[in-house]
Each structure stands twice: as structure tokens, then as C-alpha cells.
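Reckoned from all heavy atoms, side chains included, excluding hydrogens, waters and symmetry mates. So you know, we letter chains A, B, ... as the sequences are listed, proteins then strands, and number each from 1. Quick caveat: nothing in here was measured; it's all calculated off a predicted structure.
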Amino acid sequence: MQDLYIHNTLTGNKELFKSIDSESVTMYVCGPTVYGEPHLGHARPAITFDVLFRYLKHLGYKVRYVRNITDVGHLLNDADEGADKIGEKARALQLEPMEVAHFYTKKYHESMHKLNVENPSIEPIASGHIIEQIEMIKKILDNGFAYEVNGSVYFDVIKYNKTNNYGVLSRRKIEDLMDNSRVLDGQSDKKNAVDFALWKKASAEHIMRWPSPWGDGFPGWHLECSAMSCKYLGEEFDIHGGGMDLVFPHHEAEIAQCCAANKKPAAKYWMHNNMITIAGQKMGKSLGNFITLDEFFNGTHEKLDQAYHPMVIRFFLLQAHYRSTIDFSNAALQAAEKGLLRLFNGINVLNNLTSSSMSSVDISLLQSKCDDAMNDDLNTPIVLSHLFDAVKLINATYEGKHSLSHSDIQILKLLFDKYVIGVFGLYAIEKESTNSEFNNLMKLILEIRSNVKANKNWEMADQIRDGLNQLHIEIKDTKDGSTWNYKK
RNA sequence: GGUCGGAUGGCCGAGUGGCUAGGCAGUGGUCUGCAAAACCAUCUACACCGGUUCGAAUCCGGUUCCGACCUCCA
């Protein structure tokens, strides 16, 4: 097994990855709250950890990957009177909360499928694990790290911090947190502003509610991930992932809950992908500047010059390291689109390359260079740079400037297959129509034009080309005949 | 305000002390009836001011600017 190094937020360092069980890996990633359209921000963790999931399997691990769906409404704000997001949406649309959750879960799945994100091994749903969450609260209460007030249960952060470190993950000091926490005008039942809810009493109007030992209510903001990761991966597992915005308070609270209940901080390695920005500013629901994935796929947002294929989005994200912010723009996405086409064109050329008796270039280090980059905290942009170097070499070989032996060609094919298809999960953008009648028609037109060209009737040939151009169909004359594409 | 991160060529984006990724755009060329596409070649960098060093985009100090978290967020 190769040595894989990953950045661990818990220690702030790049560390050699060693799974608890030498043959398998357990991984939990925070999934979406399903009360809105999936957007570009959802694509980043999904793709980052999809690549990790695929890579770990490539390395030979058996991987159990859990990614949750949150369909329990979290409160809009910290005040006791708050409403939950799914409940609000349901009320606005006059639907059952479950209708809202189900609708957006389906949308999320459709978008993930288009992005070629593999299904996780288990995709648990928060509302299906109320019992587990209640049991966990009981444990935390029994261990003395929570208290009940008026039908709600709160985590006692101050008490917890006396024997544990609240702030291990986000490197915050509890004194700073207390200084900076909002004062809630006496609305809260909490002993301290830094405490957080494990169970909230449901007000009369609150639609999403479940019975509990403390009365009708709903689970707190951070509890579901602790309960579900524990249920499916155990009290200790290997990797916990999510967006950087979840480090505090969400993941910090998870660690506190798990330590309070099980005396174990859940995961060994905490990994966080960075945010996507638009014009340098974070894209987020609260900022109202997010673009949904459907809008990208269809080109229907005012900020978009064109539609972008899901593979372009995927490739665009892989061109940046997952821990860097990545700035969205049409120019950047169009550059990614062309780069992706170049990459697959290279694969196409490779598959049609004629082998020579021996190679004029040394490709022996290429594989290890890619592996090294990948093992260095999943440096996908570096892997891509090596693959583009290989594309250059492949094209030069096609032009006759280099030669490649049969075995070297096989090595290259395996390399591209492994990384581009297997680990990065990319596939070629199919630009031709799936309508076979139309394809046959186009074939006929191109045949006629090719006859016209053979007779050197350039005027007619150009007329056909220009006419098709007006219909947004682009003709390319190559050595081996003409092909067509839809124009963007 | 507190904590943390960033500033790389026209754009995106790697890179932690010398060998100066990669993609896109630009420019020149090959190919082509022409064009497009494709391919090849190639220019432009390391926010600012000091310091350490034989040598710094990379280390240290300071300055400016930007962002993230501290409230739901991927």
C-alpha cells in the first residue's frame, strides 16, 4: 500500500494516513440539508470526497463511506422562538415537510449523478435516526455534560471544557467564544451563550416534531452526524469530512458530543474542503449569490454566458486543490471546458497511436509522479499537469516527432484510465446528438459535401458549411473526413 | 473586535530556499481550396518595505489590501 498523506484539521498538519483497520477505511462526510436547490457549493465536498473515496478503493482499501441527508429542520437562529428551514419552506409551499425534503433529496441525487459522483455506501437520513439521537442525548445527560430546561436539553460547554478541550478542532479558546457570543435578550433557557441544543422543545406551531423523554420536540443542530456516524462507523472511525464552514461550530460540537457520550472524539482525521467564491466572495445561501447546479447545466442564470456540462464543473474543481478557495467565472469555466476537451482528445489520440519497436522518450516516471502528487494530500491539479505533459507527448508522437513502444502505450492507457476515468471520475463530453435519425441525416449531408469538395465546388461546400453554421452546427474538415458538433 | 487564512504573469491555478507546474487567452508556425478545429513553438509573474542567505515567490519582521469563521451555510 502506498503512503498517503492528508491534511488533518485536528492537528493542522499533513499526516501519514493510517487506518484503524489496515485493510479498510471508514469515512463520514456531511451531506446536504434538503430544503433548497443543490448549488455549486454542494458539488465541492461531494466531488472532493468522491475522489478520495475512489482513490482509497484504488489503493486497495475496502471503504465504507457514509454521507448523510439532513431532513430535520434546523433552527433559523439561536433564539428559542426560531423556525426551522424545512418547516418554513413547507409552510410557504403548503406542503408536508417530508414533501419538501423528498423533493430536494431527489434533486440532489440527480445532480450528483450528473456530476458522476458515486453513491456512498450508506446515505442515512436524519429523521430516520431520532431514536439513536435520543439515546445519545441520554448518554450525554448520564455523563453529566448536559442539562434539561423546559423540555429542551442543552450541552453544557463550560462544564465539558473543564475536563475536555472545547476548541480542539477550530483552535478557539472558550474565553474568546464567551466574549463574542451573542447575547439573546433573556430569550434563551441556556445557562451560557456558548451552550448548544441537543434537543429542542417544539412550539405549538412547529411542524416537525417527535416525542421524547423531555416532551415533543426535535433534535439539535449537530447531533444527527454524531448519532449516525457512531451507528454505522462505530465510536471511532478514520475520516470525517465536510466544508470548512462546518469546522465551527458543527464539527467542534460533534467532537464534544462524541467525547461526552463515548469518551472518544469520533474521527482520527478531519478533512475540510475550502469554499467556492464568486468575484472573491464566498458563495452562500445567506448572501444570495449562489448558482444552482441545474442553472449551470442549463446556462439559465444571468451570470452565466453559456451552459456548462457537469464534467466541466467536475474538471474545474479538480484543477484546484481542495483546500484552496476556487474563484468562479465564465472565463475560468470556459478555460476548463477547453482543457477537458484537450485531455480527452489526447486520450483519443492515444487509443489510435501506432506503436514503434522502441520508445524515444522515457515515460517510466510518469506513473510515480502522478501517484506522488495524489499521495500528497490529493493534489489533483499536479496530477492533471502531469497528464497534460503526457498529452503533449502523445500528440507529438502522433505527429511523428516521438515514438512509443507497444508496452509504453499500454502503460499510458492504463495511467489515463486509472486517473482520468477511475479516480477523477471524468468522462468524455458527448456532443453529438443521440437522435440516430438526425445523425444519419448529418452523415448524408457531410457525404454530399465531401463529394462537392472532391469536385472542387468550393462555393457549394462553403454554402453548406455556412448554412449549418447558422443552425448552430459546426463542421470541421480533418484529414480523415469531416465531423460535426453543436456549437455552444 | 477576536481567531485563522490568503495576495503568483491578461484569466484560472500549482509550487516552501537554487532545476523557475499545468490549463485558457495572446503571438508565431504546421495543416487546409479557404476557414474553423487540431497540433507545435513561444512572451508576460511572484502585493509593498526591510532582513537572513552565496542564492528567496518560497524563511523572518513590518506595511497595505482581501477573504473566512465567530449566526444557518458545502
Note to self: Please report the distance separating the P of B:C24 from the corresponding atom of B:G13, rounded so that it comes out in whole Å.
What the structure shows: 16 Å

Next item on the list: Tell me what A:D389 touches on the nucleic acid: a base, only sugar-phosphate, or nothing, going by heavy atoms under 4.0 Å.
Entry: sugar-phosphate

Note to self: In this structure, how many angstroms lie between the C1' atom of B:C66 and the CE atom of A:M275, rounded?
What the structure shows: 17 Å

Next item on the list: Measure from the side-chain heavy atoms of A:R465 and tell me the nearest of B:C34, B:C24, B:C73.
Entry: B:C34

Next item on the list: Write down the distance separating the P atoms in B:G62 and B:A25, rounded off to the nearest Å.
Entry: 43 Å

Notebook entry, point to check: Do any side-chain nitrogens or oxygens of A:K338 fall under 4.0 Å of OP1 or OP2 in B:A25?
Noted result: yes

Next item on the list: State whether A:F248 and A:R172 meet the cation-pi test: NZ (Lys) or CZ (Arg) under 6.0 Å from the six-membered ring centroid, and within 45° of the perpendicular axis.
Entry: yes

Notebook entry, point to check: Which residue, A:A332 or A:K476, contacts RNA chain B at a nucleotide closer to its 5' end, judged by nearest heavy atom?
Noted result: A:A332

Margin query: Looking at A:E110 and A:K106, is there a salt bridge between them, counting it only when a charged N and a carboxylate O are closer than 4.0 Å?
Written below: yes

Note to self: Check this one for me: any side-chain N or O of A:N345 less than 4.0 Å away from OP1 or OP2 of B:C39?
What the structure shows: yes

Margin query: For B:G22, is there a stacking contact with A:F388, counting only centres under 5.5 Å and planes under 30°?
Written below: no

Margin query: Working note: A:H206 + A:F218, criterion ring-ring contact (aromatic ring centres under 6.0 Å, His included); need CA distance, chi angles, decisive distance, verdict.
Written below: CA-CA 9 Å; A:H206 203 98; A:F218 53 95; 4.2 Å; yes

Next item on the list: Name all residues meeting the side chain to side chain contact (heavy atoms under 4.5 Å, CB included) criterion together with A:T354; count only those two or more places apart in sequence or in a different chain, and write none if there are none.
Entry: none

Checklist line | Contact residues, residues 310-327 of chain A to RNA chain B [heavy atom, < 4.0 Å] | finding: A:Q319, A:A320, A:H321, A:S324, A:T325, A:I326, A:D327

Check: A:K401 near the nucleic acid: base, sugar-phosphate alone, or nothing, with a heavy-atom cut-off under 4.0 Å?
Finding: sugar-phosphate

Checklist line | Shortest side-chain distance from A:D477, nucleotide among B:C73, B:A14, B:C34 | finding: B:C34

Check: Among B:A74, B:A21, B:C12, which is the nearest nucleotide to the side chain of A:I382?
Finding: B:A21

Note to self: Output the rounded distance in Å from CE (A:M374) to P (B:A14).
What the structure shows: 14 Å

Item checked: Any-strand Watson-Crick or G-U partner of B:C65, both distances under 3.5 Å -> B:G6

Next item on the list: Run the salt-bridge test on A:K201 and A:D189 with the 4.0 Å N-O cut-off and return the result as yes or no.
Entry: no

Next item on the list: Go through the side-chain N and O atoms of A:N379 and A:Y322 and say whether any donor and acceptor fall under 3.5 Å apart.
Entry: no

Check: Tell me: CG of A:D372 to P of B:A21, nearest whole Å?
Finding: 18 Å

Check: OP1, OP2 of B:A21 versus side-chain N and O of A:N379: anything below 4.0 Å?
Finding: no

Check: Should A:R342 be listed as having a side-chain N or O under 4.0 Å from OP1 or OP2 of B:G23?
Finding: yes

Item checked: Candidates B:G33, B:G2, B:A14 - which lies nearest the side chain of A:R172 -> B:G2

Note to self: If you assign A:P45 and A:A336 each to the RNA chain B nucleotide with the nearest heavy atom, which residue ends up on the more 5' nucleotide?
What the structure shows: A:A336

Note to self: Strictly by Watson-Crick or wobble contacts shorter than 3.5 Å, is anything paired with B:G26, and which nucleotide is it?
What the structure shows: B:U42

Item checked: Test side chain to side chain contact (heavy atoms under 4.5 Å, CB included) applied to A:S355 - qualifying residues, sequence neighbours left out -> A:H406, A:I409

Check: If we call it a pair only when both distances are under 3.5 Å in a Watson-Crick or G-U wobble match, what pairs with B:G1?
Finding: B:C70

Check: Tell me: CD of A:Q281 to P of B:A7, nearest whole Å?
Finding: 19 Å

Note to self: How many whole angstroms separate atom CD1 of A:I475 from atom P of B:A35?
What the structure shows: 17 Å

Margin query: Under a 3.5 Å cutoff, is there a donor and acceptor pairing between the side chains of A:T292 and A:D294?
Written below: no

Notebook entry, point to check: Which nucleotide sits closest to the side chain of A:L246: B:G33, B:C73, B:C12?
Noted result: B:C73

Next item on the list: Compare the minimum distances between each of B:G22, B:G23, B:A35 and the side chain of A:A335, then state the nucleotide with the smallest one.
Entry: B:G23

Check: Considering only side-chain heavy atoms of A:H39, which listed nucleotide, B:A74, B:C34, B:C40, is closest?
Finding: B:A74

Notebook entry, point to check: Checking all strands, does A:G41 fall into the base, sugar-phosphate, or nothing category for heavy-atom contacts under 4.0 angstrom?
Noted result: base

